[in-house]
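See structure below.
By convention in this document, chain letters (A, B, ...) are assigned in the order of the sequence lines, proteins followed by strands, and residues within each chain are numbered from 1.
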Amino acid sequence: MPELPEVETIRRGLDQFILRKHVQTVQVFCDKSFIGPKEVIFGQEIIAIRRFGKALIFDFSNGVSMMVHLRMTGQLIFRAFGEESGKDYREMIEAGDFKTSLYDEKSFAGGHPTDSFFSELPNKQTRVLFTLENGTLYFNDQRKFGFCKVLETSEVMQDSFIKKLAKEPWQMSVAEFSKNLARHKNAEIKPTILDQTVIAGLGNIYADEALFLAKIHPERLTGSLSETEISDLLEAAKSVMQASIDSGGSTMATYVKADGTRGDYLQKFAQVFRREGEPCNRCGTEIIKIKVAGRGTHLCPHCQKKIL
DNA sequence: CGACTCACCTGCGTGC
DNA sequence: TGCACGCAGGTGAGTC
Ligand SMILES: [Zn+2]
């Protein structure tokens, strides 16, 4: 689930709660969710929380780091001691009092939005539990595609995933984006921009949103884009992801209500994603949903023409 | 190397 | 109700 804006929101949230805290113990409930020796981080202080694309890196005081990738259904939830039931947050949400901040003083949640955000933890989807000096960090992951991986801090940049990542759109020039796109001139543009070695950070939501904003049909061949369209697409990628980061990504407060229904975040932000059947905000044409490279894809057939 | 397909897992909504 | 099926905010492996 989580794309760059959600992961960045988690990074910022966890900075508030667990930076400079010590890890006391780690409990692993699913072996495939935790790679490497957990004991090496026992007693260690978290000295930095970094993000590369959709991956988070926790650096510890002994030269060890832990990479966390949430993939499709990962969540990171922090609860101060005494807040394991999630009750306070649930009450706050039910009272409609969740617009003041992304988190209160006692808990924070981010990642794949489910009612685990408000439920008693640990639960069936809890794969790893970190006991810190001030509370508990839960790594939940319904589909088990995500992972936590221990490695040396000095080896982070050599990690097979990290080292292949392209720049994020804010650091990338049009020339470099253009060059990376050129490697895939015979592929459709949507799967091309989902490739993290072409540009880092976009996932299924923000790819659809960026293509809509740049008025490019997702099935256009990459090689058919003009220089102007390439430039517009890069700007659109920055714009849609920055807007999401600025509004706090998809944290529980804005994303899922206590009853499990979707909150107002996507409805407010999304122009096309999960809006099939609704009118385009730009031209009024009905948004459609198709399948592109195996992924559900949303677009306005009037604003995004396949053939120019 | 690039373009595709499929695998990895669990759970939910849909339709018979 | 039971069950088959499609689908899901990601990435890696395998094939041609
Ligand atoms: Zn339109």
Remaining members of the apolar cluster that contains A:M72, side-chain heavy atoms under 4.5 Å =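 Its cluster partners, ordered by chain and number, are A:F145.
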
Tell me who clusters with A:V272, hydrophobic residues only, linked when side chains sit under 4.5 Å apart either directly or through other members.
->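 Under the 4.5 Å side-chain rule, A:V272 groups with A:F212, A:I287.
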
Using a 4.0 Å heavy-atom cut-off across all strands, classify A:G146 as base, sugar-phosphate, or nothing.
->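 Result for A:G146 = nothing.
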
[X] has an atom [atom1]; how far is it from atom [atom2] of [N], in whole Å?
{"X": "A:D115", "N": "B:dT10", "atom1": "CG", "atom2": "P", "answer": "19 Å"}
{"X": "A:Q125", "N": "B:dC12", "atom1": "CD", "atom2": "P", "answer": "8 Å"}
{"X": "A:E276", "N": "C:dG6", "atom1": "CD", "atom2": "C1'", "answer": "14 Å"}
{"X": "A:N140", "N": "B:dG11", "atom1": "CG", "atom2": "P", "answer": "12 Å"}
{"X": "A:H298", "N": "C:dA8", "atom1": "NE2", "atom2": "C1'", "answer": "11 Å"}
{"X": "A:D141", "N": "B:dC8", "atom1": "CG", "atom2": "P", "answer": "16 Å"}
{"X": "A:R274", "N": "C:dA8", "atom1": "CZ", "atom2": "P", "answer": "8 Å"}

Which letters describe nucleotides 10-15 of chain C, given B = protein heavy atom under 4.0 Å from base, S = only from sugar-phosphate, - = neither?
-> BSS---

Between C:dA13 and B:dC9 - P atom distance, rounded Å =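 The same atom, P, in both gives a distance of 14 Å.
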
Secondary-structure stems for DNA chain B, with pairs counted as Watson-Crick or G-U when both distances are under 3.5 Å and runs at least 3 long =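 Consecutive-pair runs (3 or more) involving DNA chain B: B:2-8 with C:10-16, B:10-16 with C:2-8.
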
Contacts of type ring pair (Phe, Tyr, Trp, His ring centres under 6.0 Å), residue A:H112, not counting sequence neighbours =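 Here no residue qualifies.
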
How would you list, by chain and number, every residue that makes a ring pair (Phe, Tyr, Trp, His ring centres under 6.0 Å) with A:F161, sequence neighbours excluded?
->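 Partners of A:F161 by the ring pair (Phe, Tyr, Trp, His ring centres under 6.0 Å) criterion, ordered by chain and then number, come out as A:H69.
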
Given C:dC7, B:dG11, B:dC9, the nucleotide with the shortest approach to the side chain of A:K124 =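 Of all the options, the side chain of A:K124 is nearest to B:dG11.
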
Would you mind telling me which of C:dC7, B:dC9, B:dG11 lies closest to the side-chain atoms of A:K289?
->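 The listed nucleotide nearest to A:K289's side chain is C:dC7.
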
Among all residues two or more places apart in sequence or in another chain, which pass the side chain to side chain contact (heavy atoms under 4.5 Å, CB included) test with [X]?
{"X": "A:K215", "answer": "A:R282"}
{"X": "A:S226", "answer": "A:T228, A:E229"}
{"X": "A:T126", "answer": "A:F29, A:L121, A:P122, A:N123, A:Y138, A:N140"}
{"X": "A:P279", "answer": "A:R275"}

For DNA chain C, what residues of residues 169-189 of chain A have any heavy atom nearer than 4.0 Å?
->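 The answer is none.
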
Sequence neighbours excluded, every pair satisfying ring-ring contact (aromatic ring centres under 6.0 Å, His included) that has a member inside residues 221-240 of chain A |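 Checked against ring-ring contact (aromatic ring centres under 6.0 Å, His included) - neighbours excluded - no pair reaches residues 221-240 of chain A.
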
Kindly say whether A:I18 contributes a backbone atom to a donor-acceptor pair with the side chain of A:N134 at under 3.5 angstrom?
->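 Between the backbone of A:I18 and the side chain of A:N134 there is no qualifying donor-acceptor contact (under 3.5 Å).
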
Looking only at heavy atoms, what is the nearest atom pair of A:F139 and A:F147, with distance?
->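 Nearest pair, atom of A:F139 first, then A:F147: CZ-N, 3.7 Å.
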
